[in-house]
Amino acid sequence: MKTILITGGAGYIGSHTLVECLQAGYQAVVLDNLSNSSSEVLNRIRCITGVSPIFVQGDVCDAEVLTNIFSTYTIDVVIHFAGVKAVGESVQDPIKYYKNNVAGSLVLCQIMCNMNVFKLVFSSSATVYGDSRDMPLREDSLNTSPINPYGHSKLMVEQMLSDLAKSDPRWSIAVLRYFNPVGAHASGLIGEHPKGVPNNLFPYVSQVAVGLRPFVCVFGNDYPTADGTGVRDYIHVVDLAQGHLMALNYLNAHNGYFLWNLGTGRGYSVLEVIKAFSTVSQVDIAYEFLPRRPGDLAECWSAPQKASLELGWNASLDLNSMVTDSWRWQTLNPHGYDVEEEG
Ligand code: NAD
Ligand code: UD1
């Protein structure tokens, strides 16, 4: 049985990927500092899979913690999710982003090298494409720079990983650029619960539908799109998690540096998302038009063909599944993993 180290495995995408990996027969060690997650997720994962992953509470920037993990367990491959991801916060506090995302990845790679582990899957983001207008975005659509420190931190790690793979043929590295991950596990046991007011559309709309917030603020209705609102490539988190399994399979057969978009290849507008939530929840969801949010693009969607051709991976869950699963998670867990938390 192969053993995976999953950094950030208690988080939103990490927990869904952990489920897929355990169900595929991998053994997993989770490293997470719980800065944006709860240890309750591990109980939920045991309910879904019947397996308790090994959990280490610690920081990916801590070389001693990492060395201990690699000395205690025979790790075959690492999936590296641990990091911080709020675009606005990255503008206010860039050091936090360069420390957790860039320095954390650097320490991880150093220790992997020391411990002779050379297989790595890295969570990157469509944010690296900046304000490229090259729709749909292909892996080589990097004709503009990222527009915020979060995006820079992801692109810097991509560059570091590409250089590492060139320096030593033992490395086998998959970089996955996610588009807009949404939805939740079909069990309703795990999902995303952002702290405070959600920045992202899906959690915001579902909090309006469940009655935690009065209306959705639609940022801009004057974009050059079909209905004037922003268009994004939303991808179900379970499809995304399965993309990681396909990348692991690929790394077992290939050495080098590989890069794939993980998206569906089609976009939905803000109003289409609100409508889908209204249909699924049977709640009339109020919304108001506000000015555009600074830094937002009119539209952003992927060309997913490279992952399809090389990994044999295709997103299969549609907008209705994304909304149905988000809604199930939201209604069963209105306060996320924390029953004490105030709305
Ligand atoms: P998340 O915040 O739910 O998960 C990240 C996890 O990492 C959390 O459990 C957090 O506690 C942990 N963590 C943060 N810093 C750490 C550190 N220094 N040491 C150890 N643990 C740490 O976020 P997510 O949505 O699951 O995102 C996972 C990864 O995917 C991130 O790297 C993120 O940048 C990337 N990504 C996310 C999205 C998205 O929309 N969710 C899109 C593109 C890329
Ligand atoms: C944002 C991040 C991106 C990150 C992604 C994670 C920015 C500029 N980009 O992408 O780096 O990878 O989240 O999913 O922050 N919207 C509303 N009302 C809301 C929230 C959003 O109208 O309350 C609109 C936005 O204007 C946009 C769409 O909904 O058109 C999607 O927004 P969001 O979910 O925040 O994702 P992105 O901005 O695409």
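Computed from heavy atoms alone, side chains included, the values below leave out hydrogens, waters and symmetry copies. One-based numbering, in listed order, for ligands and for the atoms of each.
- Side chain of Thr144 to main chain of Tyr129: a donor-acceptor pair is present (N/O by atom type, distance under 3.5 Å, no hydrogens or angles).
- Counting protein heavy atoms only, atom 16 (C) of ligand 1 is closest to Asn33 ND2, 3.3 Å.
- We find that Glu40 and Arg44 are joined by a salt bridge, their nearest charged nitrogen and carboxylate oxygen being less than 4.0 Å apart.
- Counting protein heavy atoms only, atom 19 (C) of ligand 2 is closest to Phe219 CE1, 3.4 Å.
- Taking distance alone, with nitrogen or oxygen atoms compared against 3.5 Å, Pro181 stays at or beyond that limit from ligand 1.
- The protein atom (non-hydrogen) at minimum distance from atom 27 (C) of ligand 2 is Arg232 NH2, 3.7 Å.
- Atom numbering of ligand 2 starts at 1 in the shown order; those under 4.0 Å from a heavy atom of Thr127 are 11 (O).
- Assignment of His80 to the shell around ligand 1 is not supported, since no heavy atom sits closer than 4.0 Å.
- Using a 4.0 Å cut-off to heavy atoms of Ala10, the atoms of ligand 1 that qualify are 9 (O).
- Looking at Ser123 and His80, their side chains never bring a donor and an acceptor atom within 3.5 Å of each other.
- Using cut-offs of 30° and 60° for the angle between ring planes, the Tyr250 and Trp260 rings count as perpendicular.
- Taking all heavy atoms of Asn200, Val87, Thr229 into account, the minimum distance to atom 14 (O) of ligand 2 is reached by Asn200.
- By the 3.5 Å distance cut-off applied to N or O atoms, Asn36 is counted among the residues near ligand 1.
- Within the model, atoms CZ of Phe122 and CZ of Phe81 stand 11.0 Å from one another, a figure rounded to the nearest 0.5 Å.
- Closest to atom 19 (N) of ligand 1 among all protein heavy atoms lies Val60 N, 3.0 Å.
- For Gly58, the heavy-atom gap to ligand 1 drops under 4.0 angstrom.
- Regarding atom 18 (N) of ligand 2, its nearest protein heavy-atom neighbour is Cys217 O, 2.6 Å.
- Using a 4.0 Å heavy-atom cutoff, Gly104 is absent from the residues neighbouring ligand 1.
- With hydrogens and angles ignored, the 3.5 Å screen pairs a side-chain donor or acceptor of Asp233 with a backbone N or O of Ser302.
- Those atoms of ligand 1 with a heavy atom of Ser35 less than 4.0 angstrom away are 10 (C), 11 (O), 13 (N), 14 (C), 15 (N).
- Ranking the protein heavy atoms by distance from atom 24 (C) of ligand 2 puts Val270 CG2, 3.6 Å first.
- Of all atoms in ligand 1, listed by their number and element, those nearer than 4.0 Å to a heavy atom of Ser37 are 8 (C), 9 (O), 11 (O).
- The residue Asn200 has no part lying near ligand 1, judged by heavy-atom distances below 4.0 Å.
- Nearest to atom 20 (C) of ligand 2 among the protein's heavy atoms is Asn199 O, 3.5 Å.
- Any N or O atom pair closer than 3.5 Å counts here, and Cys61 shares no such pair with ligand 1.
- Note on ligand 1: Asp59 sits in its first shell, one or more heavy atoms being nearer than 4.0 Å.
- For residues 309-332, every residue pair satisfying the ring-ring contact (aromatic ring centres under 6.0 Å, His included) rule, not counting sequence neighbours, is listed here: Trp329-Tyr337.
- For ligand 1, the atoms lying closer than 4.0 Å to a non-hydrogen atom of Ser123 are 29 (C), 30 (O), 32 (O), 35 (C).
- Judged by the shortest distance from any of its heavy atoms, Tyr234 lies inside the 4.0 Å radius around the atoms of ligand 2.
- Against a heavy-atom cut-off of under 4.0 Å, Leu34 is close to the following atoms of ligand 1: 11 (O).
- The protein atom (non-hydrogen) at minimum distance from atom 25 (C) of ligand 2 is Asp296 OD2, 3.4 Å.
- Residue nearest to atom 36 (N) of ligand 1, selected from Tyr97, Tyr12, Tyr150, Phe81: Tyr150 (by heavy-atom distance).
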query: Passes side chain to side chain donor-acceptor pair (under 3.5 Å), Tyr73 versus Asn68? Steps please.
result: CA-CA 9 Å; Tyr73 307 101; Asn68 263 330; over 6 Å; no
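- The closest protein non-hydrogen atom to atom 36 (O) of ligand 2 is Asn180 ND2, 3.1 Å.
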Evaluation steps, side-chain contact (heavy atoms from CB on, under 4.5 Å), between Asn114 and Met112: CA-CA 5 Å; Asn114 294 348; Met112 286 177 69; over 6 Å; no
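- Side-chain contact, Asp284 with Ser278: no donor N or O sits under 3.5 Å from an acceptor N or O.
- Ligand-side atoms of ligand 2 in range of Ser125: 12 (O), range being under 4.0 angstrom from any heavy atom.
- Asn148 contributes no side-chain N or O that, together with a main-chain N or O of Val91, makes up a donor-acceptor pair within less than 3.5 Å.
- Interface atoms of ligand 2 facing Val218, defined by a heavy-atom separation under 4.0 Å, are 22 (O).
- Looking only at distances, a side-chain donor or acceptor of Thr225 sits under 3.5 Å from a matching main-chain atom of Thr229.
- For atom 34 (O) of ligand 2, the nearest non-hydrogen atom of the protein is Leu201 N, 2.8 Å.
- The closest non-hydrogen atom to atom 15 (N) of ligand 1, taken over Gly11, Gly83, Gly14, comes from Gly83.
- Looking at Ser124, its side chain never comes within 3.5 Å of a backbone N or O of Arg177 through a donor-acceptor pair.
- Distances from ligand 1 to the non-hydrogen atoms of Ser124 include at least one value under 4.0 Å.
- At most 12 heavy atoms of other shown residues, nucleotides or ligands fall within 6.0 angstrom of atom OH in Tyr287.
- A distance-only check finds a donor-acceptor pair linking the side chain of Glu272 to the backbone of Ser269 [under 3.5 Å].
- Given atom 37 (C) of ligand 1, the protein heavy atom at minimum distance is Ile13 CD1, 3.7 Å.
- More than 12 heavy atoms of other residues, nucleotides or ligands lie within 6.0 Å of NZ in Lys306, so this atom counts as buried by the packing criterion.
- Side-chain N or O atoms of Asp93 include none that pairs as donor or acceptor with a backbone N or O of Glu89 at under 3.5 Å.
- Residue Tyr150 has no N or O atom closer than 3.5 Å to an N or O atom of ligand 2.
- Taking the six-membered ring for Trp and thresholds of 30 and 60 degrees, His16 and His185 have ring planes inclined between 30 and 60 degrees apart.
- At a 4.0 Å heavy-atom cut-off, ligand 1 touches Lys154 through the side chain alone.
- Of all the atoms in ligand 1, the ones that sit under 4.0 Å from a non-hydrogen atom of Asn100 are 15 (N), 17 (C), 18 (N).
- Numbered from 1 in the order shown, with element, the atoms of ligand 1 that lie under 4.0 Å from a heavy atom of Asp32 read 6 (C), 7 (O), 8 (C), 9 (O), 10 (C), 11 (O), 12 (C), 21 (N).
- In this structure, Arg266 satisfies the cation-pi test against Tyr268, with its NZ or CZ atom closer than 6.0 Å to the six-membered ring centre and inside 45 degrees of the ring normal.
- Closest protein heavy atom to atom 24 (P) of ligand 1: Lys85 NZ, 3.7 Å.
- For the pair Arg232 and Glu299, the salt-bridge criterion is not met [side-chain N within less than 4.0 Å of a carboxylate O].
- Partners of Ser15 by side-chain contact (heavy atoms from CB on, under 4.5 Å), not counting sequence neighbours, listed by chain and number: Val41, Ile45, Ile190.
- With ligand atoms numbered from 1 in the order given, ligand 1 contributes 43 (C), 44 (C) to contacts under 4.0 Å with heavy atoms of Ser125.
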